[in-house]
K.L.:
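Below you'll find the structure I mean.
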Amino acid sequence: MRMRLILGSVSALALAGCGAESDYAAEEGDVSYSMDVDAAEAPAEEVAGAVAETTESGDAAPETLEVSEPQIAYRYSLGFRLPADAIKPLQEKHADLCEAKGPKVCRIIAMDQSDEDGDYASGNLQLAVAADKARAFSKEIESSSGEADGELTSSSIEGEDLSKAIVDTEAKLRARTLLRDRLMEVLRSRNGTVAELVEAERGVAQVNQEIDQARSWLTEMRGRVAYSQMIIEYASGSPSSGGFTDPIRSAWGSLGGIFGGLIAFLIVAGAVFIPLGLIGWLIWRLVATVRRKSQGPQTDVAMAETVAEPNET
């Protein structure tokens with residue numbers, strides 16, 4: 001009965017430690033383990049007594065949560081407008097500035113550039129910058145764009161508070177670690193029925209999986225806090241509207257589309273109507289040939305009769 005109460009108390013501790021999980025950590029679900037139904041249905045006084053006894057036997061008391069600084073993950077966004085042929089040099093310059101800071105301060109995550117039809121072009125550069133250096137580095141990026149005739153068109157800073165998610169995930173990790181230790185103690189002591197030992201082995205495997213998952217969540221969130229995400233967008237500028245030459249430029253630009261559409265129509269029409277016309281002409285020649293051959297003997301007979309009538313006279 002004592003073993004069952006201890007196992008039941010371990011499950012109760014796991015549930016209590018994970019009851020306040022955030023949505024971020026609760027997406028994967030929460031699994032609790034109980035070795036015996038009688039232990040889960042035991043009175044609260046007996047469970048509390050069992051927990052007190054295990055604590056007095058040498059187990060450490062639960063740690064007191066300390067108030068820590070807010071854990072904020074920042075996201076910087078910068079947008080530049082500049083000539084199409086100046087996008088790639090400026091993008092390369094910003095990438096070089098990042099690499100010059102070293103991997104502990106700035107890292108290149110992604111970099112791409114695309115040239116569209118006409119004079120339009122665009123580019124994208126994604127960086128991971130140390131949180132305490134991100135603000136200063138964004139100002140350095142802004143100042144370096146003036147040499148390439150670049151214009152800053154957009155700038156924003158967004159922050160996501162991950163404090164609660166980190167605290168809840170740490171609590172889940174502690175609870176799962178405690179549950180794993182209890183289950184491992186049952187397996188080492190071999191105290192319990194066969195069913196309890198089998199259930200403990202399954203519980204250890206599942207708890208280890210949850211522990212690894214919680215650790216990966218913590219690593220990912222702490223990485224987002226330590227390194228701010230910085231996204232730099234590049235785009236070529238469009239000509240200003242309202243000028244005298246704008247209608248002329250627009251009309252001249254539309255001529256290419258008109259001529260292109262006309263040529264495309266002629267190509268499609270030729271591909272469709274030429275074969276149909278050829279087939280129609282072959283059918284007409286065949287019908288004409290058959291008709292001429294069928295009318296040939298009748299014409300010869302008529303001419304012979306016409307020639308014979310004067311002779312008889």
Side-chain angles (χ1 to χ4, degrees), residues 22-25 27 65-116 118-170 173 212-240:
S22 63
D23 294 338
Y24 181 87
E27 292 178 355
L65 294 178
E66 298 181 357
V67 178
S68 59
E69 296 181 358
Q71 304 294 313
I72 309 297
Y74 290 100
R75 183 175 183 268
Y76 293 77
S77 297
L78 300 173
F80 295 96
R81 181 186 295 119
L82 65 164
D85 56 353
I87 289 181
K88 187 175 181 179
L90 183 60
Q91 190 181 39
E92 293 287 348
K93 182 178 181 180
H94 290 166
D96 293 340
L97 289 175
C98 177
E99 291 183 344
K101 299 292 184 180
K104 293 184 178 180
V105 176
C106 185
R107 305 168 185 173
I108 298 176
I109 305 301
M111 181 177 178
D112 63 81
Q113 182 186 8
S114 61
D115 297 327
E116 306 293 340
D119 296 333
Y120 181 77
S122 61
N124 179 278
L125 179 62
Q126 298 184 20
L127 307 175
V129 187
D132 56 343
K133 305 290 194 307
R135 181 59 178 163
F137 186 73
S138 66
K139 294 180 179 180
E140 187 176 354
I141 292 292
E142 294 177 13
S143 61
S144 65
S145 62
E147 302 175 1
D149 296 331
E151 177 186 0
L152 181 65
T153 58
S154 63
S155 177
S156 65
I157 302 176
E158 299 178 0
E160 182 182 358
D161 192 354
L162 300 179
S163 303
K164 187 176 185 301
I166 291 177
V167 170
D168 291 345
T169 306
E170 289 176 345
L173 183 59
D212 294 338
Q213 190 177 59
R215 286 174 178 171
S216 66
W217 286 344
L218 281 176
T219 302
E220 191 270 340
M221 288 187 292
R222 288 170 178 169
R224 291 174 58 191
V225 173
Y227 286 87
S228 301
Q229 183 183 16
M230 185 172 295
I231 300 177
I232 308 173
E233 301 283 349
Y234 310 88
S236 59
S238 58
S240 59

K.L.:
Would you say that Tyr76 contacts Ile141 through its side chain, given a criterion of any heavy-atom pair below 4.5 Å between the two side chains?
P.N.:
no

K.L.:
With sequence neighbours excluded, tell me which residues meet side chain to side chain contact (heavy atoms under 4.5 Å, CB included) with Arg215.
P.N.:
Leu173, Ile211, Asp212

K.L.:
Tell me which donor-acceptor pairs under 3.5 Å the side chains of residues 87-99 have, and how far apart each pair is, sequence neighbours excluded?
P.N.:
from  : atom 1 : to     : atom 2 : distance (Å)
Gln91 : NE2    : Asp112 : O      : 2.9
Gln91 : NE2    : Asn124 : O      : 2.9
Lys93 : NZ     : Glu147 : OE1    : 2.5
His94 : ND1    : Tyr234 : OH     : 2.7
His94 : NE2    : Ser144 : OG     : 3.0

K.L.:
Looking only at non-hydrogen atoms, find the nearest pair between Ser216 and Gln213 and report the distance.
P.N.:
OG-O, 2.6 Å

K.L.:
Atom OG of Ser122 and atom CD of Gln113: how far apart are they, to the nearest 0.5 Å?
P.N.:
8.0 Å

K.L.:
Grab the two heavy atoms, one from Ser236 and one from Arg81, that are nearest each other, plus how far apart they are.
P.N.:
C-CG, 4.0 Å

K.L.:
Do Gln229 and Gln126 touch side chain to side chain, with heavy atoms closer than 4.5 Å?
P.N.:
yes

K.L.:
Quick check for you: to the nearest 0.5 Å, what is the distance between Ile157 atom CD1 and Leu78 atom CG?
P.N.:
8.5 Å

K.L.:
What's the shortest heavy-atom distance between Val129 and Ala134, and which atoms?
P.N.:
CG1-CA, 3.7 Å

K.L.:
Say you draw a straight line from CH2 of Trp217 to CG of Leu162; how long is it, rounded to the nearest 0.5 Å?
P.N.:
13.5 Å

K.L.:
Could you walk me through whether Ser138 and Met230 pass the side-chain contact (heavy atoms from CB on, under 4.5 Å) test, one step at a time?
P.N.:
CA-CA 8 Å; Ser138 66; Met230 185 172 295; 3.9 Å; yes

K.L.:
For Leu218 versus Ile166, what's the shortest heavy-atom pair and its separation?
P.N.:
CD2-O, 3.8 Å

K.L.:
Could you list the residues that satisfy salt bridge (Lys or Arg N to Asp or Glu O under 4.0 Å) with Arg222, not counting sequence neighbours?
P.N.:
Glu170

K.L.:
Ignoring hydrogens and geometry, is there a side-chain-to-backbone donor-acceptor pair from Thr169 to Ala214 under 3.5 Å?
P.N.:
no

K.L.:
Can you see which heavy atom on Ala84 is nearest to which on Ala121, and at what distance?
P.N.:
CB-CB, 3.9 Å

K.L.:
Among residues at least two apart in sequence or on other chains, which ones pass side chain to side chain contact (heavy atoms under 4.5 Å, CB included) with Ala130?
P.N.:
Asp132, Lys133, Tyr227

K.L.:
Using the test side chain to side chain contact (heavy atoms under 4.5 Å, CB included), find all partners of Ile72 that sit at least two apart in sequence or belong to another chain.
P.N.:
Pro70, Tyr74, Asp161

K.L.:
Taking only residues two or more places apart in sequence, or in another chain, which ones meet Glu233 in a salt bridge (Lys or Arg N to Asp or Glu O under 4.0 Å)?
P.N.:
none

K.L.:
Where the side chain of Thr153 meets the backbone of Gly79, is there a donor-acceptor pair that is under 3.5 Å apart?
P.N.:
yes

K.L.:
Counting distance only, does the side-chain N/O of Ser163 pair as donor-acceptor with the main-chain N or O of Gln71 below 3.5 Å?
P.N.:
yes

